[in-house]
Amino acid sequence: MNVLVTGGAGYIGSHISHQLLCDGYKVIIIDNLSNSDIASVNKLNKINDNKAQFFKGDICDQDFIQTLFKNNKIDLVIHLAGLKSISESIQNPIRYYSNNVAGSLNLFNAMRKNSVYKIIFSSSATIYGNPQSLPITEEHDLCPINPYGKSKKSIEDILMDLANYDKKWRIISLRYFNPLGANKNNFNGDFLEKDQQNIMPALIKAAKKNKIFNIFGNDYSTKDGTAIRDYIHIEDLVDGHISSISYLEKKSGFSVFNLGTSIGYSVLEVIDVFKKISKLDLSYNIIDRREGDSAECYASNNKAREKLNWKPKKNLTDMIESAWKYSNTVN
């Protein structure tokens, strides 16, 4: 099977591409490298006998996307390309809608014109907004509270309409919770030199550079006042995609699954585990909450367990240990 991975040079995309190559799939990666590095693709091809093809390009470029589909046999798309910062989306919503939503429309149109009807979409738990009940099931109301989450919901709406309009479409939307860590090959991690707001790269940078780590709010109605999130090991997230490919072989229409562990950890709990693993002291400062953040968010993964025959295998310690190990290879 020939699989196109959009955003395949990024943290999540490179891990998915690696497993696809290991499993014998032919992989085509496209990425504009705006928040990724070609080095991850080079590493992929160095450690795998099965090599990925790489094309630098943007899903917003209609000519690029149409030419790609015209010149390459593609059976399935795993769509991860897009902007992903909540705070940036609040500051510049037009950029997020034009990139994430309009770019996705270009992709879907090229798929339709070239009779490619299988797609796994990288969605997000942010589309749930402030949870009305926990754990969050896939039937929870979708009430995103920031433009990033709204862009993900808009794309899901489009995909649902496609599946309803044309029964040839086979679509899965995977609602990620919070990926952490690196895989056992230790070839890539969520750790770039530029500023990032994800908790693990921010923690690692603060600890290694002896800087103060900022906690956004300690006045939430949670067990210690800090926000609670569901963290999932990158290898478990990848396994969810591999299971989804098998599911699409037997199931048409639009399906949605949460990928999370169903366990919520507070920011302070993550810091405690990180300090034990890194053996580094870490000073932190409490600052104002970030706009667009919810207090508590963790998944029910029962549907993925039942339908995809998938379950997470790694715990928070595994996630942080692998993230820390990877960080020591790049500094």
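Heavy-atom basis, side chains included; hydrogens, waters and symmetry copies ignored.
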Between [X] and [Y], is there a side-chain N and carboxylate O pair less than 4.0 Å apart?
X: Asp272; Y: Lys275; value: no
X: Asp157; Y: Lys153; value: yes
X: Lys118; Y: Glu249; value: yes
X: Glu138; Y: Arg175; value: no
X: Asp318; Y: Lys313; value: no
X: Lys311; Y: Asp236; value: no

Determine the minimum heavy-atom distance between [X] and [Y], stating which atoms define it.
X: Ala9; Y: Asp31; value: N-OD2, 3.0 Å
X: Cys297; Y: Phe177; value: SG-CE2, 3.7 Å
X: Val273; Y: Ile320; value: CG1-CD1, 3.6 Å
X: Ser322; Y: Gly181; value: OG-CA, 3.2 Å
X: Gln66; Y: Lys113; value: NE2-CD, 3.7 Å
X: Ala52; Y: Ile29; value: CB-CD1, 4.0 Å

May I ask you to decide if [Y]'s main-chain N or O and [X]'s side chain share a donor-acceptor pair within less than 3.5 Å?
X: Thr6; Y: Ala81; result: yes
X: Lys51; Y: Asn45; result: yes
X: Asn48; Y: Asn50; result: no
X: Asn72; Y: Ile74; result: no
X: Asn114; Y: Val116; result: no
X: Asn2; Y: Tyr25; result: no
X: Asp58; Y: Cys60; result: yes
X: Thr222; Y: Thr226; result: yes
X: Asn218; Y: Ile286; result: no
X: Asn99; Y: Arg95; result: no

Regarding [X] and [Y], is there a side-chain donor-to-acceptor distance under 3.5 Å anywhere?
X: Tyr128; Y: Asn258; result: yes
X: Asn328; Y: Lys208; result: yes
X: Gln19; Y: Asp23; result: yes

About how many Å separate [atom2] of [Y] and [atom1] of [X], when rounded to the nearest 0.5 Å?
X: Leu105; Y: Phe108; atom1: CG; atom2: CZ; answer: 7.0 Å
X: Asp75; Y: Ser115; atom1: CG; atom2: OG; answer: 12.0 Å
X: Asn35; Y: Lys84; atom1: CG; atom2: NZ; answer: 5.5 Å
X: Asn301; Y: Thr137; atom1: CG; atom2: OG1; answer: 11.5 Å
X: Lys26; Y: Leu76; atom1: NZ; atom2: CG; answer: 14.0 Å
X: Lys279; Y: Trp324; atom1: NZ; atom2: CH2; answer: 10.0 Å

Within 45° cone of Tyr117 ring axis and under 6.0 Å: Arg112 NZ or CZ: no

Distance under 6.0 Å and angle within 45° of ring axis: Arg289 vs Phe216: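 Not satisfied by the 6.0 Å and 45° rule.
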
Parallel, tilted or perpendicular, as decided by the 30° and 60° cut-offs, for the rings of Phe121 and His79: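 Rings of His79 and Phe121: tilted, as their planes differ by 30° to 60°.
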
Validation row, ring centre Phe257 to ring centre Tyr247 under 6.0 Å: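 Between Tyr247 and Phe257, which both carry aromatic rings, the centre distance is below 6.0 Å.
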
Enclosure of Asn71 CG (heavy-atom neighbours >12, cutoff 6.0 Å): yes

Asn285 atom CG, over 12 foreign heavy atoms within 6.0 Å: yes

Ile232 vs Asn178, side-chain contact (heavy atoms from CB on, under 4.5 Å): CA-CA, chis, key distance, verdict: CA-CA 6 Å; Ile232 177 172; Asn178 297 270; 5.7 Å; no

Test log, rule side-chain hydrogen bond (donor to acceptor under 3.5 Å, both in side chains), inputs Glu88 and Tyr96: CA-CA 9 Å; Glu88 184 185 53; Tyr96 271 68; 2.5 Å; yes

